[in-house]
Amino acid sequence: RKEVEQDPGPFNVPEGATVAFNCTYSNSASQSFFWYRQDCRKEPKLLMSVYSSGNEDGRFTAQLNRASQYISLLIRDSKLSDSATYLCVTTGNQFYFGTGTSLTVIP
Amino acid sequence: ETGVTQSPTHLIKTRGQQVTLRCSSQSGHNTVSWYQQALGQGPQFIFQYYREEENGRGNFPPRFSGLQFPNYSSELNVNALELDDSALYLCASSPMPASSGGTVTDTQYFGPGTRLTVL
């Protein structure tokens, strides 16, 4: 069983839409959680950390549900520049990445 | 920019050859991790180096080896290349080791990667 599972998509949404991604993880002892963004043929870049209380950064909101072992990312008012692959990450003694969810924002 | 650099950017090798990839960590970071990212997959952890010693290893065979130097830069060596080794190899640096009491304590910042093609 994979440590982290994500719906690979693709998600194709119009500009201005709200889109949500979910991710589940298998290790209940995981301590830290992150969302990374990866543009085509580029390196992953940290989007935001995910805290138990939930956290928001502008149009982006991340939430963690430890009981159900899932992490979510909500993007409001989607922009064309949000088009990318979003990687869910959990940690234990290493970083575990999901396969990523592809988002395309359409004009 | 993260300040993590990698070289070369692209590399083409043939099956059975050996390759060395290089990484310079961000200033102030003493930990370097290496990842392999195959097309359509998330990055897979190869190993991590902290203060010139291996500090954790993923599910990769011994022909994947590494080094870290006193200036915290690092090398990834792959021997006896196979076709399936074709991937993007990413280096990430962080200011703390991944295992601090058994848990990751800090964010990792990635370099631009080296794209390796094995023919």
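In what follows, chains are A, B, ... by sequence order, proteins preceding strands, each numbered from 1.
Only the side chain of Gln37(B) comes within less than 4.5 Å of a heavy atom of chain A; its backbone N, CA, C and O stay farther away.
Both Val78(B) and Tyr49(B) are assigned to one and the same hydrophobic cluster, defined by single-linkage of ILVMFWY side chains at heavy-atom distances under 4.5 Å. Hydrophobic clustering of Ile, Leu, Val, Met, Phe, Trp and Tyr side chains at less than 4.5 Å, counting indirect connections, unites Phe60(A) with Val19(A).
Annotation for Leu39(B): atom CG does not count as buried by contact number, only 12 or fewer foreign heavy atoms lying within 6.0 Å. For Phe11(A), the CZ atom counts as densely surrounded, since its 6.0 Å shell holds more than 12 non-hydrogen atoms of other residues, nucleotides or ligands. For Arg59(A), the CZ atom sits in a packed shell: over 12 heavy atoms of surrounding residues, nucleotides or ligands are nearer than 6.0 Å. Heavy atoms from other residues, nucleotides or ligands lying under 6.0 Å from CZ of Phe60(B) number more than 12. Under a cut-off of 6.0 angstrom, the local environment of CZ in Phe69(B) is crowded, with over 12 non-hydrogen atoms contributed by other residues, nucleotides or ligands. Within 6.0 Å of the CG atom in Asn71(B), the count of heavy atoms belonging to other residues, nucleotides or ligands exceeds 12.
Between Phe45(B) and Phe97(A), the gap from one ring centroid to the other reaches at least 6.0 Å.
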Check the pair Phe110(B), Lys45(A) against side-chain contact (heavy atoms from CB on, under 4.5 Å), reporting the backbone distance first and the verdict last. CA-CA 7 Å; Phe110(B) 286 86; Lys45(A) 293 185 178 177; over 6 Å; no
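Pairs passing the side-chain hydrogen bond (donor to acceptor under 3.5 Å, both in side chains) check and including a residue from residues 7-17 of chain B, sequence neighbours excluded, read Thr14(B)-Gln17(B).
Identified by a heavy-atom distance below 4.5 Å to chain B, the contributing residues of residues 35-42 of chain A are Tyr36(A), Gln38(A), Arg41(A), Lys42(A), in residue-number order.
Of the residues considered (Gly40(B), Gly42(B), Gly56(B)), Gly42(B) shows the highest number of contacts with chain A, using heavy-atom pairs under 4.5 Å.
The CD atom of Gln94(A) lies 7.0 Å from the OH atom of Tyr35(B); values are rounded to the nearest 0.5 Å.
Put simply, the side chain of Leu87(A) reaches to within 4.5 Å of the side chain of Pro43(B), judged on heavy atoms.
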